[in-house]
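Below, chain A is the first sequence line, B the second, and so on; all start at residue 1. Only a predicted model underlies this, so the values are computations on that prediction, with no experimental measurement involved. Worth knowing before you read on, the calculation uses all heavy atoms, side chains too, and leaves out hydrogens, waters and symmetry mates.
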Number of protein chains: 2
Amino acid sequence: MQDKPVTQNDVGVAFSRHDHAHCADATLARAEAAALTRGARLTPVRRRALEILLEEHRALGAYEVLDRLAADGFGKQPPVAYRALEFLVENGLAHRVRRLNAFTACMHPGETHMPVFLICRVCHAVAEASATPVRAALDRAAAELGFTVERTNVEALGLCPACHDLACTGVST
Amino acid sequence: MQDKPVTQNDVGVAFSRHDHAHCADATLARAEAAALTRGARLTPVRRRALEILLEEHRALGAYEVLDRLAADGFGKQPPVAYRALEFLVENGLAHRVRRLNAFTACMHPGETHMPVFLICRVCHAVAEASATPVRAALDRAAAELGFTVERTNVEALGLCPACHDLACTGVST
DNA sequence: CTTGACCTGTTATGTCATAACATAGACAAG
DNA sequence: CTTGTCTATGTTATGACATAACAGGTCAAG
Ligand SMILES: [Zn+2]
Ligand SMILES: [Zn+2]
Ligand SMILES: [Zn+2]
Ligand SMILES: [Zn+2]
């Protein structure tokens, strides 16, 4: 909860006080590097879509992204946003949060990982949590049934530390 | 893969050969008992909606359920299905599979559990897997960030045993 | 009988997502 | 230079999923 500098790959950065301008810039830089590595073309719309997602640690609906893209002179029609977002997701630069029908920037692009999302139902912050143990447990459960896991969605809804504290201390309104 | 009798609470029953008529009947009976315990009123529409979900081990869209309800003389409008389904979900008799925008009957109603779904991308079978270890791992990951988990969606897309075997043996078409 | 809680049904609308087609630049082959 | 092909971007139109708001019906408590 203190504003110590947060390292780039810190999980749960969404719930920490931090210099978000730096956080977003750094993540964008890493995304660009990751895209280069994969030979994925981060064109202007795509890049701008990612920047938009990076503006906040929450998930944005496709139409919300679309509006901002349109405001920046890109196309105004749904496919414009959906295509850019699909590209970002396919290339591991963003994730889809199914619970919210929305998208969020990946906070550690380049690293292969199974995203685990913690979604605050009050402030709508979205954090990517440490996934490895969850993935392992899931793989074991699947293996017991002979099921081969290819992709996963793991999402938890609840309270982030800040909103939890607020709920406990003063429930005035 | 052999058709040994499957006990009612077996996890992953969706992927086993079994007497599904019996499976569905038994699950419905347990659901009725669970509803009674909770004082939840399993009215005709709701009960019929659950029966519809229980017809197959897959997830059905709300409009698919709606069509069948309408065919049985219930209302033809979306809220009819959504309300019945919402009731079932709220009372732990069904689950929502967000990846599919669809609903599936709970295979062990009454027991509190965090559902973990294994979804076959080929035959669309949906199984509820053993959740406890996954939940534990998720809780730990959340606790590290001070996040309080209230509800979860854990869904894995992949290949069920049968479809996996088919993919391995003969890939003709 | 009246009230109030709850269930079921309706109309209308809102939100999310994609199919199908048109255009424009990048670039290699001819 | 021209042509074909690939990929990206844009459009129109439509489909799929979900809910708000209201109307009537049942039934037990008062
Ligand atoms: Zn940040
Ligand atoms: Zn919060
Ligand atoms: Zn069955
Ligand atoms: Zn299958």
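Taking 4.0 angstrom as the limit, B:R46 places none of its side-chain polar atoms (N or O) nearer than this to OP1 or OP2 of C:dC6. In this model, the phosphate group of D:dA18 is not approached by any side-chain N or O of B:R83 to a distance below 4.0 Å at OP1 or OP2. At the phosphate of D:dT19, neither OP1 nor OP2 sits under 4.0 Å from any side-chain N or O atom of B:Y82.
Pairs of Watson-Crick or G-U wobble type, with distances under 3.5 Å, assemble into runs of 3 or more in DNA chain D at these ranges: C:1-30 with D:1-30.
Distance from the side chain of B:R96 is smallest to D:dA18 among D:dA18, C:dT8, C:dA17. Of the candidates D:dA18, D:dT11, D:dA8, the closest approach to any side-chain atom of A:V80 belongs to D:dT11.
The distance from atom CZ of A:R99 to atom C1' of D:dA18 is 15 Å, rounded to the nearest whole Å. Rounded to whole Å, atom C1' of C:dG9 lies 12 Å from atom CG of B:L66. Taking atom CG of B:L88 as the reference point, atom C1' of C:dC7 lies 14 Å away to the nearest angstrom. What separates CD of B:E64 from C1' of D:dA18 is a distance of 16 Å, to the nearest Å. As rounded to whole Å, 15 Å separates atom C1' of D:dT7 from atom CG of A:L42. C:dT15 atom P lies 15 Å from atom CG of A:L60, rounded to whole Å. The distance from atom CG of B:L100 to atom C1' of C:dA17 is 15 Å, rounded to the nearest whole Å. Here the C1' atom of nucleotide C:dT8 and the CG atom of B:L85 are 15 Å apart, to the nearest Å.
By the criterion of side-chain heavy atoms lying less than 4.5 angstrom apart, applied directly or through intervening Ile, Leu, Val, Met, Phe, Trp or Tyr residues, B:V126 is not grouped with B:I52; the two fall into different hydrophobic clusters. Hydrophobic clustering of Ile, Leu, Val, Met, Phe, Trp and Tyr side chains at less than 4.5 Å, counting indirect connections, keeps B:L50 apart from B:V97.
In summary, of the residues considered (A:L100, A:T104, A:L159), a side-chain contact (heavy atoms from CB on, under 4.5 Å) with A:I119 occurs for A:L100 alone.
The backbone N or O of A:A21 sits less than 3.5 Å from a side-chain atom of A:D19, completing a donor-acceptor pair. Not one N or O on the side chain of A:E128 forms a donor-acceptor pair closer than 3.5 Å with the backbone of A:P115. With hydrogens and angles disregarded, no donor-acceptor distance shorter than 3.5 Å links the side chain of A:H164 to the backbone of A:A162.
Only at 4.0 angstrom or more do the heavy atoms of residues 116-127 of chain A sit from any atom of DNA chain C, so none qualifies. Taking every heavy atom of residues 70-79 of chain B and every atom of DNA chain D, pairs under 4.0 Å involve B:P78, B:P79, by number.
Separation of the B:H18 and B:H20 ring centroids falls under the 6.0 Å cut-off.
Among the atoms of the strands shown, none is found under 4.0 Å from any heavy atom of B:R98.
In this structure A:E51 satisfies the side-chain hydrogen bond (donor to acceptor under 3.5 Å, both in side chains) test together with A:R47, A:R48, sequence neighbours excluded.
Heavy-atom distances to DNA chain D give each of A:N101 and A:F87 a nearest nucleotide, and the one nearer the 5′ end belongs to A:F87. Residues B:P44 and B:Y63 both approach DNA chain C. Their nearest nucleotides, taken by heavy-atom distance, put B:P44 toward the 5′ side.
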Could you list, one pair per line, each protein nitrogen or oxygen that sits under 3.5 Å from a nitrogen or oxygen of nucleotides 22-27 of chain C, together with the distance?
none

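Between A:R98 and B:E155, none of the side-chain N atoms (NZ, or NE/NH1/NH2) sits under 4.0 Å from a carboxylate O, so this pair counts as no salt bridge.
In this structure, B:L42 CG and B:L36 CG are separated by 10.0 Å, a value rounded to the nearest 0.5 Å.
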>> Evaluate A:E64 against A:R68 for salt bridge (Lys or Arg N to Asp or Glu O under 4.0 Å), listing each step before the verdict.
In response: CA-CA 7 Å; A:E64 210 170 340; A:R68 305 203 195 176; 3.8 Å; yes
>> One pair to check against side chain to side chain donor-acceptor pair (under 3.5 Å): A:T132 and A:R135. What are the steps and the verdict?
In response: CA-CA 5 Å; A:T132 320; A:R135 173 66 194 233; over 6 Å; no
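Applying the ring pair (Phe, Tyr, Trp, His ring centres under 6.0 Å) test to every pair with at least one member in residues 115-145 of chain A, sequence neighbours left out, gives these pairs: A:H95-A:F117.
You'll find the side chain of B:Y82 stays beyond 4.5 Å of the side chain of B:F87, heavy atoms only.
Both the sub-6.0 Å distance and the 45° axial angle are not jointly satisfied by A:R96 relative to the ring of A:F103.
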